[in-house]
Amino acid sequence: MALRVYNTLTRQKEDFHPVEPGKVRMYVCGPTVYKPSHIGHMVGPVIFDTVKRFLTYLGFEVKWVVNITDVDDKLIVRARELGTSVEALAHRMTEDYLDCLNKLNVTGIDEFPKATQHITEMIEIMQGLIDKGHAYPSGGDVYFDVASDPDYGKLCNRDPEQLEAGSRIEVSDKKRNPGDFALWKGSKPGEPSWPSPWGPGRPGWHIECSAMSMKLLGKTLDIHGGGLDLQFPHHENELAQSESFTDQPFSRYWMHNGLLKMGQAKMAGSVGNVVNIVDLLKRHSAETVRLLLLNTHYRSPIEYSDERLAEVRRSLDNFYRFFERFQRIRGGGFFALTAPAKLASFDESPPSEFLNEISRLRSTFLDCMSDDFNTGGAIGALYELLTALNRFADAQQLEGAGKTKEALAEFERGAVVLRELSQILGLFAQAPESGGASDELVQGLMQLLIDLRAEARKAKNFAVADTIRQRLGQLHITLEDRPGGTGWRKE
RNA sequence: GGCCCCUUCGCCAAGUGGUAAGGCAGCGGAUUGCAAAUCCGCUAUCCCCGGUUCGAAUCCGGGAGGGGCCUCCA
C-alpha cells in the first residue's frame, strides 16, 4: 500500500518519497486578495488539507505554506474603485479568506506569507538571476530571459518558440523575447512601490512564490500544488526562475487540482459566474460543501450546482442519523470518541464477521487514499462502513432488549473506525447544527405531543395518533417510532 | 494553430489489463397498526469503429462529442 502521487511534471503516478525521509514540505498557491473568496478558491485548500491530514496520518511531519498575494494590478485597480488603500483592501480580503478556510475546516496551513513582506528576498533572487545571465533589467522593469533556460516549458510541455505564435502575449518592446515575463515592474506614480537596484517598483506575479517557498521550505519542495489554471504560465515561470537560480529541482511533485465548473464552463472571476462563499454558506452547511469537493477525484473538474449540494446533503443525513443512533445506543456521543490519529494495524480480535468486515473496509479506504488521494473511492468505503454498522446494530438489537455487552463493545470499535477514517477527510469533527431543536420549550412541547400520541396509540385511537403525526409533518417534523420510544427530527 | 484532459446505470461518481464500488432518485420486500428510520433486493459491459492480448471500461489507432491552458484566474 505504498503512497502514489500523480506528478504533473512526468504525467504519471509515482511512488512518493520526500527529499528528507519522514518530512514533507508543501507549498500551495494562494489567492490574490482583491475580492471576497468564491467556492473555486476553496477547492485547492480543501484537497490539500486532506492531503496533509492523510500524510500526517501516515506518519509524515508536514509543513504546509500558502501565500497571500497582497500587491498586484487587480488589487490596485480595485482599491481605486473602492476609494480605499491597497493595504486596507488586502487586509480585509485576507480576513475573509482565512474565515472561509476556517469554516470549511481547513486547519492544516502552517504559514501564510505575504508578498509585500518578502521584497528583500525577491530582490536577492532577481539579482542572482541577472548575475547568472537569466534575467535582464529593461526600462525600470526586470525580465526573465526565457531563452537562457533550456528547460523552459518542461512542466506544461510547451515550446517557447510556439509562444511567439500566440498573439495574446503582452507585447512590449522592453522584452527580448515575447515569452519573457516580468520579475519586477517599475511603478507609475501613485502605485505602491518599493526601492530596488533598478528603481522603485513592485514584484511581478511569479517571483513571490519562488522567494517565499525557498525562504520557508528550502530550495526543493516535496509538493507544489495549485489549480490547473495556474499550470501555465504561473507554475512554469516559477519553476524556470527557481531552478535557474538554485540549479536544483524546485519541486519533486507537482499536483494540480481540477477546476470547479458551473454548467459547462469553469467558475472564475474572469467568466463572471462565481458564487461567493459567505452567500453559499447561508444556503448549505460547510460540511456539505466540503463533502461535495471531496466526492470527486481532485484532478477532475467538479460540478457545482444547488441541486448537487442538496443531493450531497441528503447523503450526509445518513451519517447524521447514525450519529444520533450511536448516541441512543451508547449513551455517549460519537463526536467524543477518541480514534487513532496515526496509522496502526487493526486488531480483529475477538474474531468476528463484523470486525472482519470493518477491517476490510478500512483497508479499502486506506488503499484508495494511498492511490493518488482517491477521496471518492474512500468515501464509497465510508458509506459501506455505515451500512455495516447499521446492519450490525439491527441484527444485534442494540436499541432493543437483545443487546449484549460484547456486541456493544464490538459496535463501538466499528464506530471508532468510522471516526478514525472520517478525520482523515476532515469530516464529522463536530455535531451538525440541529436547526434550533435544542430549545427547552420546544423539547417540552414535543414530549407532550409524543406522550399524547402514545396514549392514543395504546387505546388504538389511530385517527388521533395519525393526526398528530401528520400535523407535525406539515411543520417539517418527522416522528420516528423506535424500539426504545418515539423520537423526532426537524426538516 | 499548439499543448493537455475527459466521455462508466435516470443523475453524480470510483475503478487504468482479470471480468463493473458508492451516493442521490425510483421500484419491490422485511419491519411497522399505518408511517418514519434501518436492513435486504432490483440482469449498467463502460461514446462509436478497428487493433493488441488467453483476457480491455482499462493498452494502441481512427472517429464523434465535451472541457482546460496558450491573457488575469484556485
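To find a chain, count down the sequence lines: A is the first, B the second, and so on, and within it residues start at 1. Every heavy atom of this structure was used, including side-chain atoms; hydrogens, water molecules and symmetry mates were not.
- Contacts of A:Leu479 with the nucleic acid, taken as non-hydrogen atoms under 4.0 Å apart, include base atoms.
- Listed nucleotides B:C72, B:G22, B:A74 differ in distance to A:Tyr383; the shortest reach to its side chain belongs to B:G22.
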Protein-nucleic acid N or O pairs under 3.5 Å, nucleotides 59-61 of chain B:
none

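- Relative to the six-membered ring of A:Phe334, A:Arg419 meets both conditions, a distance below 6.0 Å and an angle of at most 45° to the axis.
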Could you pull out all donor-acceptor pairs under 3.5 Å where a side-chain atom in residues 353-361 of chain A meets a protein atom, sequence neighbours excluded?
residue: A:Glu357; atom: OE1; partner: A:Arg360; partner atom: NH1; Å: 2.8
residue: A:Ser359; atom: OG; partner: A:Glu348; partner atom: OE2; Å: 3.2

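- Using a 4.0 Å cut-off on heavy atoms, none of the residues of residues 92-102 of chain A approach RNA chain B.
- Looking at residues two or more places apart in sequence or on another chain, you find no side-chain hydrogen bond (donor to acceptor under 3.5 Å, both in side chains) involving A:Tyr253.
- In terms of polar N and O atoms assigned as donor or acceptor, the side chain of A:Arg469 comes within less than 3.5 Å of the base of B:C34 in a complementary pairing.
- Remark: A:His118 engages no residue in a ring-ring contact (aromatic ring centres under 6.0 Å, His included) (not counting sequence neighbours).
- Closest to the side chain of A:Asn257, from the set B:A74, B:G23, B:U38, is B:A74.
- Between A:Arg158 atom CZ and B:G2 atom P there is a gap of 13 Å when expressed in whole angstrom units.
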For a quick test of your reading: what N or O donor-acceptor pairs under 3.5 Å do the side chains of residues 376-390 of chain A make, sequence neighbours left out?
residue: A:Tyr383; atom: OH; partner: A:Ser315; partner atom: OG; Å: 3.1
residue: A:Thr387; atom: OG1; partner: A:Tyr383; partner atom: O; Å: 3.2
residue: A:Asn390; atom: OD1; partner: A:Arg325; partner atom: NH1; Å: 2.8

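- Listed by chain and residue number, nothing satisfies the side-chain hydrogen bond (donor to acceptor under 3.5 Å, both in side chains) test with A:Thr478 (two or more places apart in sequence, or in another chain).
- Using a 4.0 Å heavy-atom cutoff across all strands shown, A:Lys74 reaches sugar-phosphate atoms only and no base atom.
- Salt bridge A:Arg453/A:Asp481: present, at least one basic N to carboxylate O contact under 4.0 Å.
- Using a 4.0 Å cutoff on non-hydrogen atoms, the parts of residues 446-454 of chain A near RNA chain B are A:Arg453, ordered by number.
- A salt bridge links A:Lys13 with A:Asp371: the closest approach of a Lys/Arg side-chain nitrogen to an acidic carboxylate oxygen falls below 4.0 angstrom.
- Two residues, A:Ala465 and A:Leu230, neighbour RNA chain B, and the one matched to the more 5' nucleotide by heavy-atom proximity is A:Ala465.
- Applying the 3.5 Å distance criterion, the base of B:A37 shares no donor-acceptor pair with the side chain of A:Arg482.
- For A:Ser315, the listed nucleotide lying nearest its side chain is B:G23; candidates were B:G23, B:A35, B:A25.
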query = If the sugar-phosphate is the primed atoms plus P, OP1 and OP2 and the base is the rest, what is the B/S/- string for nucleotides 10-17 of chain B, using protein heavy atoms under 4.0 Å?
reply = --SSSS--
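- Residues from residues 387-402 of chain A lying near RNA chain B, meaning a heavy-atom separation below 4.0 Å, are A:Thr387, A:Asn390, A:Arg391, A:Asp394 in numerical order.
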ask   = Using Watson-Crick and G-U wobble pairs whose two distances are both under 3.5 Å, how do you write the pairing of RNA chain B as dot-bracket, with | for links to another strand?
value = ((((((((.[[[..)..(...]]].(((((.......)))))....[[[[[..)....]]]]])))))))....
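- With sequence neighbours excluded, no residue forms a ring-ring contact (aromatic ring centres under 6.0 Å, His included) with A:Phe112.
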